[in-house]
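What follows is one structure encoded as structure tokens, with my remarks underneath.
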Amino acid sequence: MINERYFPQEIEKKWQKRWDDTQLNKVYNDTDKEKYYILSMLPYPSGKLHMGHVRNYTISDVIARYKRMNGFNVLHPMGWDSFGLPAENAAIQHGANPKKWTLDNIAYMKKQLKELGLMVDWDREVTTCLPEYYKWTQYFFIQMFKKGLAYKKEAAVNWCNDCATVLANEQVIDGKCWRCDSEVEKKYLSQWFLKITDYAQELLDDIKLLEGWPDSVKTMQKNWIDRSQGAILRFKVKENPELEVPVYTTRPDTAYGITYLVVAPEYKDIEKLTTPENKAAVEEYRQNARKMSEIERLSTERPKTGVPLGTHLINPLNGEEFPIWTADYALAEYGTGAVMAVPAHDERDFAFASKYNLPIKIVIQNPEAPFTELKEAYTEKGVLVNSGDCDGIDNEKAKQAIIDKAVAGGFGEAKVQYRLRDWLISRQRYWGTPIPIVYCPKCGTVPVDEKDLPVLLPEDVDFSVKGMSPVKTSESFKYTTCPICGGQAERETDTMDTFMCSNWYFYRYTDARNNDAPFDKDVLHYWAPIDQYVGGIEHAILHLLYSRFFTKALRDLGELDVTEPFKNLLTQGMVLKDGSKMSKSKGNTVDPDEIFRNYGADTARLFILSDSPPNRDFDWSDAGVEGCYKFLNRVWKIYAANQQNIVLDYKLPEVSTLTKQNNDLVREVHMSVKKISQDISNEFQFNTVISKYREFSNAIYDYMNSKKDFTEEDKMVFSFAVVTFLKLLAPVLPHMAEEIYEGLGGKDSVHKLEWPTYEDALAKTSSITLVVQINGKVKDKIEVDSESTKEQLEQFALNSDKIKELTEGKQIVKVIVVPGKLVNIVVK
RNA sequence: GCCGGAGUGGCGAAAUUGGUAGACGCAUCAGACUCAAAAUCUGACGCAGCUCACCCUGCGUGCCGGUUCGAGUCCGGCCUUCGGCACCA
């Protein structure tokens, strides 16, 4: 029996408990079945679910349920990206224990996710802050260390004062910290890096394998890696022939036009290149550059500044001498930290040369419109001039010609350069995976023995310390013995960037409770790669690039055999309210708990999918929620008010024998199944899926409203329609569908039923509306048989009274017939 | 500046390969039910004009131009907006 009224809160609780009790969502590694791995980005346990989470997990859950009904063995797991700064800040501010704070949040949010009705096998839950997980993050780090992929170096790094830790380049946004928005400074520190640059070319090349990724994300990754093809040229110092300055350039063709050279203020040999007379000025300039914040320094509006070092270089191509300057428009981290300046053909050099009255030498000439003077740099194509025996060569060809000369002369060679830098993973914070490294006075930097993993985070730490990592306050942690010689040694106290944890969590889901290995390879290779990944666009570079790199690195370490982790990627849009992103500071948040309480999770699920396609921003509106709730009540009534007319084991009579009305309803069923199946397959366009739900329900209502009594045939056709409808609804409204199914006498679970199929022939109408146009404008519409031939359609159109009237006295030039659609008559 | 999206009613949006622009919904208005209201059901709803019961005509997918029998869709040139990158040599 189905209750007359719809009480979402009751039935949702009931079914969530039933699913738990019957282990309906348990996932087996059933290799006989075709797998489908659908993954949503794991949440950070900040305290409570927000609407972005609800959107993300509803999308992936509906996909998961849909694929399950289509016969796939579906993995749709969930876990917690649970290391990170907020837990530590809570510890500092409220004296909380980061672990307790985190686990409490996880417990609450897990309860909320269950209330959302997710089809998740919680036995595979992964929590990145637990030793059973981070043991393997440490294990992978050690493998990478042994292969030289993890290394420590002294470098200018991005330092966030507020977070009291370093940041990766990817975590600096407009010169500010990605997390707290405060200004980032440069500091010189010895830090751990991963050699992502070893994979720059592969990461770039393999973008073409990512067919199911949005172009926007692929472009962002391409731009981030940013390959450029050029050359290294080395110049001897006139005052000190032992010393050389190498430059990286993409324009070797302009090398005859060098009139000066710029090194970054941080350039390693700068002191050797400075004459005693210039020392004071150079030192002052370097000090200023150092003090300047990242934001100031990055500003392209700022006029260029610089000072000469007093020394000179010799251009091996033509023997010309030119001065060396230092200027902060040269970046220490890119290329060689030195730039050859060709003011005639580079905008930045032109601006600098104009300001300091440095010579401007034209070496590329425009053959179409030759010039003798320049008001701005000429950066277009042209022909070489003033370039010795290269004169007259097309500048594109000259690039290779001059590289050849450099190779022959031993002063340079071709070189590919990337913008991508190595990934800085050290963090001077407590709540992260400890880096499993020991410093021994005798043996040096030594990885912890694998059998001693995990290196546990210490508990005896003092969070009140300022300016250093709390880990350093743990005596028990800091002092240890060397894994090689057994002597006194100290542990690394830095922890890893949390993106290290989220790099590989999706592999752990496949074998989450394995205590002997990060995963069983056979099990992993059954599930991997991920068929569909769903998450926010804000991870387009950070997480998605790191994960691609990590997968490739693990492949080369022999840990797995996967080249790209994510076959398809769906980047969901933001959830907005009143036109701007929901945020606590703006006070425009909507609490999922409140929606669950007032309307139920099914309403929330329907609404969050209804108004916009998943990849676009979604505007939350209270009226919209209300509208969805009304729709659910409308659906409920179909079943509650007609129970006596619905049977689950209906037998549909031969379609040709049906009444017109029944025939129409059968057709509506096939059309709905077709449209909904296609829209889900086609990039998960749930908004149009839901409009089809509404159209289908409207058709069912029209049918119901037109009838007082149901004949046997009516009952069968009606049952066919509403039972099919129920299956179509099940992925989006899992609780309601279960309750109705059970009320109709269904056994087990509606989610184990097969997704309905359709027949194309039955999804078509027998007549179509033929549109008749004159000169491309619609003039008439005629109902005709859908099987009509081209000739017949043309006759129908020409014989229409209206068309006859309108074409009278005019010459028909041409008639275009589009079968099944329209006839266009061209007249003069 | 460079790269990549997007621009359609009051609003969210829809529209195989170029083929009836505005499906479906929100809001609004009207009607039914009701003592009344809510809920529910039914209907209208791009703009303008003319009639006004039905009809009919013109305009209309950011702007200008092009291709085509026919353009929201294709091509060229702009504008606006969102996102990414940005002194990368």
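Protein chains get the first letters and strands the later ones, always in sequence-line order, with residue 1 at the start of each.
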Could you tell me whether A:Arg421 contacts a base, only the sugar-phosphate backbone, or nothing, with contacts defined as non-hydrogen atoms closer than 4.0 Å?
base
May I ask which nucleotide in the shown strands pairs with B:rC2, Watson-Crick or G-U wobble, both distances under 3.5 Å?
B:rG84
Does the ring center of A:Phe235 lie less than 6.0 Å from the ring center of A:Phe411?
no
Find the partner of B:rG70: check Watson-Crick (N1-N3 plus N6-O4 or O6-N4) and G-U wobble (N1-O2, O6-N3) distances, both under 3.5 Å, and reply none if neither fits.
none
State whether the distance check finds a donor on one side and an acceptor on the other, under 3.5 Å, for side chain A:Asn223 versus base B:rC85.
no
Separation of A:Asp619 atom CG from B:rA6 atom P, in whole Å?
20 Å
Look at the rings of A:Phe352 and A:Tyr356 and say which category their plane angle falls in: under 30° parallel, 30 to 60° tilted, over 60° perpendicular.
tilted
To the nearest angstrom, how far is A:Tyr629 atom OH from B:rC26 atom P?
16 Å
Nearest-angstrom distance, P atom, B:rG22 to B:rC47:
14 Å
Looking at A:Asp619 and A:Lys577, is any side-chain nitrogen of the basic one under 4.0 Å from a carboxylate oxygen of the acidic one?
no
Would you measure the distance from the P atom in B:rU8 across to the matching atom in B:rG4 and give it in whole Å?
22 Å
Would you indicate what A:Gln417 reaches in the nucleic acid, counting non-hydrogen atoms under 4.0 angstrom: base, sugar-phosphate, or nothing?
nothing
So, is A:Arg634 near the phosphate of B:rC41, with a side-chain N or O under 4.0 Å from OP1 or OP2?
yes
So does A:Arg616 get a side-chain nitrogen or oxygen closer than 4.0 Å to the phosphate oxygens (OP1/OP2) of B:rG5?
no
Would you tell me if any nitrogen or oxygen in the side chain of A:Ser612 comes within less than 4.0 Å of OP1 or OP2 on B:rA13?
yes
Look at all strands and tell whether A:Pro613 reaches a base, only sugar-phosphate, or nothing, counting heavy atoms closer than 4.0 Å.
sugar-phosphate
Which of the following nucleotides, B:rG4, B:rU17, B:rU40, is nearest to the side chain of A:Lys637?
B:rU40
Validation row, ring centre A:Phe499 to ring centre A:Trp178 under 6.0 Å:
yes
Counting Watson-Crick and G-U wobble pairs only, both distances under 3.5 Å, name the nucleotide matched with B:rA23, or none.
none
From B:rC26, B:rU40, B:rG19, nucleotide with atom closest to A:Ala623 side chain
B:rC26
Separation between OH of A:Tyr418 and CD1 of A:Ile225, rounded to the nearest 0.5 Å:
9.0 Å
At less than 3.5 Å, do the side-chain atoms of A:Lys692 and the base atoms of B:rC24 form a donor-acceptor pair?
no
I need the CH2-C1' distance between A:Trp620 and B:rG25, as an integer number of Å.
16 Å
The nucleotide from B:rC87, B:rA89, B:rG19 with an atom nearest the side chain of A:Ser228 is B:rA89
Quickly work out the A:Asp702 CG to B:rG43 C1' distance and round it to whole Å.
13 Å
Measuring only the C1' atom in each nucleotide, how far is B:rU20 from B:rG46? A whole number of Å is fine.
15 Å
Given B:rC56, B:rG70, B:rC85, which nucleotide is nearest the side-chain atoms of A:Lys802?
B:rC56
A:Leu606 has an atom CG; how far is it from atom P of B:rG25, in whole Å?
12 Å
Which whole number of Å gives the distance between the P atom of B:rA48 and that of B:rG9?
14 Å
Taking the C1' atom of each, how far is B:rG76 from B:rC82, in whole Å?
24 Å
The nucleotide from B:rC24, B:rG84, B:rC87 with an atom nearest the side chain of A:Ser691 is B:rC24
Whole angstrom is fine here: how far is it from CZ in A:Arg419 over to P in B:rG84?
13 Å
Should the pair A:Lys675-A:Asp679 be classified as a salt bridge under the 4.0 Å nitrogen-to-oxygen rule?
yes
Select one nucleotide: of B:rA15, B:rU17, B:rU40, the one nearest the side-chain heavy atoms of A:Gln685.
B:rA15
Whole angstrom is fine here: how far is it from NZ in A:Lys218 over to C1' in B:rG4?
12 Å
Below 4.0 angstrom from OP1 or OP2 of B:rG25, is there any side-chain N or O of A:Asn698?
yes
Looking across every strand, which nucleic acid part, if any, lies under 4.0 Å from A:Asn633 by heavy atom: base, sugar-phosphate, or nothing?
nothing
For B:rC69, does either OP1 or OP2 sit under 4.0 Å from a side-chain N or O belonging to A:Lys814?
yes
Quick check for you: among B:rG84, B:rA13, B:rG19, whose closest atom lies nearest to any side-chain atom of A:Ile541?
B:rG84
Regarding B:rG9, purine or pyrimidine glycosidic angle vs 90° from 0 gives syn
Within the 4.0 Å heavy-atom criterion, would you say A:Val771 contacts the bases, only the backbone, or no part of the nucleic acid?
base
Please tell me which of the listed nucleotides, B:rA89, B:rU20, B:rG84, lies nearest to the side chain of A:Thr769?
B:rU20
Length of the CD-P vector between A:Gln678 and B:rA15, whole Å
12 Å
Would a line drawn from the ring center of A:Phe725 to the ring center of A:Phe696 be shorter than 6.0 Å?
yes
Heavy-atom nearest nucleotide on RNA chain B taken for A:Asp346 and for A:Trp224; more 5' hit belongs to A:Trp224
Looking only at side-chain N and O atoms, does A:Arg694 come under 4.0 Å of OP1 or OP2 in B:rA14?
no
Listed nucleotide nearest any side-chain atom of A:Glu695, set B:rG19, B:rA89, B:rC24:
B:rC24
If you compare all heavy atoms of A:Gly382 against all heavy atoms of A:Ile364, which two are closest, and at what distance to 0.1 Å?
CA-CG2, 3.6 Å
Rounded to whole angstrom, note down the P distance from B:rG62 over to B:rG72.
10 Å
Which value, in whole Å, describes the distance between the C1' atoms of nucleotides B:rC55 and B:rA13?
31 Å
Closer than 4.0 Å, any side-chain N/O of A:Tyr248 to the OP1 or OP2 of B:rA89?
no
Complementary nucleotide of B:rU34, counting Watson-Crick and G-U pairs under 3.5 Å:
none
Tell me if the centroids of the rings in A:Tyr6 and A:Tyr639 come within less than 6.0 Å of each other.
no
Which residue lies more 5' along RNA chain B, comparing A:Asp226 with A:Asp611 via nearest heavy atoms
A:Asp611
May I ask you to say what A:Lys777 touches in the nucleic acid, namely base, sugar-phosphate or nothing, with a heavy-atom cut-off under 4.0 Å?
sugar-phosphate
Taking the same atom, C1', in B:rA15 and in B:rG25, what whole-Å distance lies between them?
16 Å
